[in-house]
Number of protein chains: 2
Amino acid sequence: MTTARAAAGTASTRGRRVGRRSGDQRELAILATAERLMTGRPFAEISIDDLARGAGISRPAFYFYFPSKDAVLLTLLDRVTEEADAAAGTVLDRVAEDPRTRWRELISRFHDTFRAHRAVVLACAQARTTNPEVRELWAAVLERWVRCTETAIEAERRRGAAPDGLPARDLAVALNSMNERVTYATLAGDGPAVAEADVVDVLLDVWLSAIYRSTTPPSA
Amino acid sequence: MTTARAAAGTASTRGRRVGRRSGDQRELAILATAERLMTGRPFAEISIDDLARGAGISRPAFYFYFPSKDAVLLTLLDRVTEEADAAAGTVLDRVAEDPRTRWRELISRFHDTFRAHRAVVLACAQARTTNPEVRELWAAVLERWVRCTETAIEAERRRGAAPDGLPARDLAVALNSMNERVTYATLAGDGPAVAEADVVDVLLDVWLSAIYRSTTPPSA
DNA sequence: CAACAATCTCGACACCCTGTCGAAACCCGC
DNA sequence: GCGGGTTTCGACAGGGTGTCGAGATTGTTG
């Protein structure tokens, strides 16, 4: 509930202590309906009428709770965002464990977050191309993971465990982009993909060699 | 012109030697209009009416040439596909050069192909989430690059230059996915990105360390 | 308990977009 | 100058979005 979209008719009454017998229920019903329908077909194919009917109200009534279909998605994304940020945060705290375990944790949390919210993630990936708000919110989530990675790389370099090389930021962006695309492809069945069971191992392998690498390619 | 969508009214007359004074012109005019408009705003926001008017015909007349807006995109994508396949193909032939140069070539061709057709690539990335034909054609393009990479990795391993490790296929998928996402993000200004000038170098660095890697991470 | 205001609901409307149909105009070889 | 393929478009049907204003419902308050 941080972004500008906020529900329409209720924006001004949000903080009151009483009332709204059916209002909150309805808002939640719309969100629940959206999540339910999204697991069955792409978000783009779900009409506002579908959401309204699913929540037991008429289409115009829908607009009392949300200004548009995208606003529903954005609210759903907010939840994922919070969870993803939390997941990214906790990994940094584990300093005691060995590096391989820590990196594995980072990657598998990323992957798990995607998978746990498959429908929302898929819908956002699509909506972000047309909706600036979705694009920015999504970018912010990614940015968190990138920064988390960057910090960890720098720490490893400082303690002499990882060699210098690419700017940590660039490396972090590249590796997280790989994770995003590979994980997405696995979930969406979109393009060349890695077997679901191997995804984390494959990604980890590339991460480790890129971060701790020591060889340059031999000549011909 | 290989896929099923083919133009509507002209399907049966495609191979004839005479006639069609204005027909072919119009078809090209539609394609040209699409490319022109796509550079200014997202494909999703361009209506069939826009394309028709741009080509100097009415909306119903558009349907004589293409069965839908997506069919136009698909035709545009066909061109990119051919160019991309050609680019992927030529890299494999250069056996004489040193590995680093070959890999760099592979990556930068990929990147250049994307950049040269920015608008089409962006539109396809969006359309592929809703249109199975676009999705499959796009996946096929990616698959070519993956196979090209896979073959090259295996060759390096056979000659003892690269160590064994991940299945070549998985590694190739992961690295190409990284390229796709990083390149896309750079073009679309979408999410955390690497500076345009550094993209190829950053990607190359990760590729080389993943393919020729020799170290495992140190313990804590 | 009546009346007021906030909350909530929906029928009806304006608008935009897609895709189709059938009638008509056009161009060609004969 | 006629017949057949090619090309064009007005008009329609259907479905989606977003808005408006009138009405129903409900909690609060004098």
Side-chain angles (χ1 to χ4, degrees), chain A residues 5-31 33-34 37 41-74 123 126-127 130-131 133, chain B residues 5-31 33-34 37 41-74 123 126-127 130-131 133:
Chain A
R5 71 229 161 316
T10 56
S12 59
T13 57
R14 205 123 265 272
R16 84 223 160 293
R17 358 165 246 304
V18 291
R20 283 262 283 197
R21 211 192 71 272
S22 57
D24 284 321
Q25 263 171 238
R26 291 267 138 94
E27 194 172 321
L28 292 176
I30 292 172
L31 292 169
T33 304
L37 296 181
R41 60 189 145 139
F43 187 66
E45 285 174 24
I46 297 169
S47 71
I48 288 179
D49 203 51
D50 294 332
L51 296 179
R53 283 181 190 289
I57 55 177
S58 71
R59 203 171 57 79
F62 167 91
Y63 287 98
F64 180 78
Y65 297 101
F66 295 96
S68 69
K69 202 175 65 165
D70 278 359
V72 175
L73 184 59
L74 232 13
Q126 180 182 103
T130 49
N131 184 313
E133 286 191 272
Chain B
R5 72 227 161 317
T10 55
S12 59
T13 57
R14 208 121 264 269
R16 82 224 161 294
R17 359 163 246 301
V18 289
R20 281 264 284 199
R21 210 191 73 273
S22 58
D24 284 321
Q25 265 170 237
R26 290 268 139 94
E27 193 171 322
L28 292 176
I30 291 172
L31 292 169
T33 303
L37 296 182
R41 61 189 144 138
F43 187 65
E45 285 173 24
I46 297 169
S47 70
I48 289 178
D49 203 50
D50 292 332
L51 297 179
R53 283 181 191 288
I57 55 178
S58 70
R59 204 172 55 80
F62 167 92
Y63 287 98
F64 180 77
Y65 296 101
F66 294 96
S68 70
K69 201 175 67 164
D70 278 359
V72 175
L73 183 59
L74 233 14
Q126 181 183 104
T130 50
N131 184 313
E133 286 191 272

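Letters A, B, ... are given to chains in the order of the sequence lines, protein chains preceding strands, and every chain is numbered from 1.
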Q: Report for the helix from dC1(C)-dG30(D) to dC30(C)-dG1(D): angle between first-end and last-end helix axes, five pairs each, rounded to 10 degrees.
A: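 Roughly 20°, once rounded to the nearest ten degrees.
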Q: At their closest point, which heavy atom of A127(B) faces which heavy atom of L73(B), and how far apart are they?
A: CB-CD2, 3.6 Å
Q: Report the distance from atom CZ of F64(B) to atom P of dT20(C), rounded to the nearest whole Å.
A: 15 Å
Q: Write out a two-atom table: protein N or O, nucleotide N or O from nucleotides 13-15 of chain D, distance below 3.5 Å.
A:
none

Q: Under the side-chain contact (heavy atoms from CB on, under 4.5 Å) rule, what do Y65(A) and I57(A) come out as? Steps first, then yes or no, please.
A: CA-CA 11 Å; Y65(A) 297 101; I57(A) 55 177; 4.2 Å; yes
Q: So, OP1 or OP2 of dT9(C): does either fall under 4.0 Å of a side-chain N or O from Y65(A)?
A: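 Affirmative; the distance criterion is met.
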Q: Tabulated below should be each protein N or O lying under 3.5 Å from an N or O of nucleotides 21-24 of chain C; please produce it.
A:
none

Q: What residues in residues 50-57 of chain B put a non-hydrogen atom under 4.0 Å from any atom of DNA chain D?
A: I57(B)
Q: Would you mind reading off the distance between F66(A) atom CZ and dT17(D) atom C1', rounded to a whole angstrom?
A: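 About 17 Å, once rounded to whole Å.
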Q: Could you pull out the closest heavy-atom pair between A55(B) and I30(B), with the gap in Å?
A: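 Nearest heavy atoms, A55(B) then I30(B): CB-CG1, 3.7 Å.
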Q: When the distance from CZ of R26(B) to C1' of dT8(D) is rounded to whole Å, what number comes out?
A: 9 Å
Q: The side chain of I48(A) lies closest to which of these nucleotides: dG19(C), dT17(D), dT9(C)?
A: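 Selected nucleotide (nearest to the side chain): dT17(D).
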Q: For S47(A), which contact category applies under a 4.0 Å heavy-atom criterion: base, sugar-phosphate, or nothing?
A: sugar-phosphate
Q: If you look at every heavy atom in A44(B) and T130(A), which pair is closest and at what distance?
A: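 Closest pair (atom of A44(B), atom of T130(A), distance): CB-CG2, 4.2 Å.
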Q: Sequence neighbours left out, what passes salt bridge (Lys or Arg N to Asp or Glu O under 4.0 Å) with R53(B)? Give chain and number order.
A: D49(B)
Q: Whole-Å distance between dC15(C) P and D49(B) CG?
A: 17 Å
Q: Please report the C-alpha distance between L31(A) and F66(A) in whole Å, then the side-chain angles of each, then the deciding distance to 0.1 Å, and finally whether the side-chain contact (heavy atoms from CB on, under 4.5 Å) criterion is met.
A: CA-CA 10 Å; L31(A) 292 169; F66(A) 295 96; 3.9 Å; yes
Q: Mind calculating the distance between OH (Y63(A)) and P (dC8(C)) to the nearest angstrom?
A: 19 Å
Q: Work out which heavy atom in A52(B) is nearest to a heavy atom in S58(B); give both atom names and the distance.
A: CB-O, 3.5 Å
Q: Which atom pair, heavy atoms only, marks the closest approach of V72(B) to A34(B)?
A: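 Looks like CG1-CB, 3.8 Å.
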Q: Not counting sequence neighbours, which residues clear side chain to side chain contact (heavy atoms under 4.5 Å, CB included) with R41(A)? List them please.
A: L37(A), E45(A), I46(A), D50(A)
Q: Which heavy atom of A123(A) sits nearest to which heavy atom of F43(A), and what is that distance?
A: CB-CB, 3.6 Å
